[in-house]
Amino acid sequence: MSSLPSTMKAVLCDKTGGPEVLRYTEDQPVPKVGESEVLVKNKFGGINYIDTYYRTGLYPAPSWPLTLGQEGVGTVAAVGGSDVHGLKENDEVVYLKQGSYAEYTSVPADRVVKIPSGVSDDTVLGGFLMGMTALTLVKEAYEVKKGDTILVHAAAGGVGLLLGQILKDLGATAIGTASTKEKCDMAKEHGYAHMINYKDIPDWVPEVKKIAPEGVTCVYDSVGKTTWEGSLEAVKRKGSVIYFGNASGPVPPMNIALLSKKNTKIMRATLMQYVVTRDELEYYSNLLFDYLRDGKLKVNIHKIYDLKDVQQAHKDLEGRLTSGKLLIKTT
Ligand code: NDP
């Protein structure tokens, strides 16, 4: 094993709160690596909206202090034990595991995937959690068919820009919502046939009905509190509304009788319940890598932040100032 430092740079959260609770440190102990784990020296950590849910307390923290970040990319710095197969020091890898706002992260080997040739590490990470989310939505939450008309909220966000391209590739007509003209223009460059600026037109449902008079086949709604009701109105008879996020706050408890109006199917989807087994993780990561390699999926990196500037990254994300993926440079 090459020599490892005892301490590292990391960003910790000691309590719930605003971005100010994110604390940069240079003397966090390097994590110990368990028998079935590898230690990854991160090159980039991925920022996702879920990180803000843990920071604010919307989702309960697994432990305190908390190191945020659900995914990272880097090289294997140490292999835990004989339980680990197919991974060795210096392998270039990408992974799903909490704790990537740091120089090093210990990761169960079955959550680690080798980076394929022909795709850069920032692109892989830019598309990893978000791209697999988009793929699970279109393949399992509601299986998109050629000719479907699909509504996506926050279409210019990280997941939104990837979803638009995948929907177009599948032969669906994608309608998106976003809050500025610039975001609408960017979403149109990423697969959306129609965009509605829901800041200028808060009553956006009639705009959707102008494009799809009977309603859309499916809505992918990650905005939640401010859009959930409109999503039920915008969907057609026997359509599906897939809720998968809380950018404006969670969807409140709803009366199930609302669904009988049009025999609407609803679901609350999460990536982590689609990639539980090793086979599932490999299936979706390989599918994603194929999309990236074929050039069918372009990843828009909004900005790469230094680890010291994670507070600003959270402010930008929650302030609706970003389009695409935010990465943290961890070295
Ligand atoms: P985004 O880049 O999409 O950022 C969130 C966007 O939501 C904003 O840019 C903004 O776009 C929109 N938004 C609408 N209302 C608000 C509000 N009140 N405050 C802040 N933003 C608002 O983030 P991500 O791509 O990281 O994630 C998108 C969504 O998908 C999140 O809800 C996230 O939790 C969810 N997600 C769920 C997963 C799952 O497994 N269930 C996995 C990955 C992501 P605009 O200004 O155009 O309205």
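Both ligands and their constituent atoms are indexed starting at 1 by order of listing.
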*Cluster question for you: counting only ILVMFWY and a side-chain heavy-atom cut-off of under 4.5 Å, with indirect links fine, are Leu297 and Tyr283 together?*
yes
*Is there a path of hydrophobic side-chain contacts, each under 4.5 Å between heavy atoms of I, L, V, M, F, W or Y residues, that connects Tyr54 with Ile47?*
yes
Atoms of ligand 1 less than 4.0 Å from [X] heavy atoms?
{"X": "Leu129", "result": "42 (C), 43 (C)"}
{"X": "Ser248", "result": "15 (N), 17 (C), 18 (N)"}
{"X": "Ala178", "result": "47 (O)"}
{"X": "Ala269", "result": "41 (N)"}

_Please check if the number of heavy atoms outside Lys43 that lie under 6.0 Å from its NZ is greater than 12._
no
*asked:* Contact between ligand 1 and Thr227 is defined here as a heavy atom of the residue under 4.0 Å from a ligand atom; is it met?
replied: no
*Contact between Tyr198 and ligand 1, counting heavy atoms under 4.0 Å?*
yes
Which protein heavy atom lies closest to [atom], and at what distance to 0.1 Å?
{"atom": "atom 9 (O) of ligand 1", "value": "Lys183 NZ, 3.4 Å"}
{"atom": "atom 36 (N) of ligand 1", "value": "Phe244 O, 3.7 Å"}
{"atom": "atom 44 (C) of ligand 1", "value": "Val159 CG2, 3.7 Å"}
{"atom": "atom 6 (C) of ligand 1", "value": "Ala154 CB, 3.9 Å"}
{"atom": "atom 3 (O) of ligand 1", "value": "Gly157 CA, 3.3 Å"}
{"atom": "atom 34 (O) of ligand 1", "value": "Tyr53 OH, 2.7 Å"}
{"atom": "atom 23 (O) of ligand 1", "value": "Tyr49 CD1, 3.6 Å"}
{"atom": "atom 40 (O) of ligand 1", "value": "Leu271 N, 2.6 Å"}

*Under 4.0 Å between a Lys/Arg side-chain N and an Asp/Glu carboxylate O for Asp306 and Lys329?*
no
*asked:* Quick test of your reading of the model: are Glu282 and Arg278 salt-bridged, counting only N-O distances below 4.0 Å?
replied: yes
So is there a nitrogen or oxygen of [X] less than 3.5 Å from a nitrogen or oxygen in ligand 1?
{"X": "Arg320", "value": "yes"}
{"X": "Gly158", "value": "yes"}
{"X": "Thr226", "value": "no"}

Is the closest side-chain donor-acceptor distance between [X] and [Y] under 3.5 Å?
{"X": "Asp27", "Y": "Thr7", "value": "no"}
{"X": "Asp51", "Y": "Tyr101", "value": "yes"}
{"X": "Thr277", "Y": "Asp279", "value": "no"}
{"X": "Tyr142", "Y": "Asp148", "value": "yes"}
{"X": "Asn42", "Y": "Thr105", "value": "yes"}

*For Thr227 and Asp221, what are the C-alpha separation, side-chain angles and deciding distance, and is it a side-chain hydrogen bond (donor to acceptor under 3.5 Å, both in side chains)?*
CA-CA 7 Å; Thr227 50; Asp221 184 338; 2.9 Å; yes
*Below 6.0 angstrom between ring centroids: does that apply to Trp204 and His153?*
yes
*asked:* Going by the closest heavy atom to atom 19 (N) of ligand 1, which one wins out of Gly319, Pro250, Ala247, Gly131?
replied: Ala247
Hey, is [X] touching ligand 1 through its side chain, its backbone, both or neither, going by heavy atoms under 4.0 Å?
{"X": "Asn246", "value": "backbone"}
{"X": "Val223", "value": "side chain"}
{"X": "Thr133", "value": "side chain"}
{"X": "Met130", "value": "side chain"}

_Test item: Lys236 side-chain N/O and Pro213 main-chain N/O as donor-acceptor pair under 3.5 Å_ = no
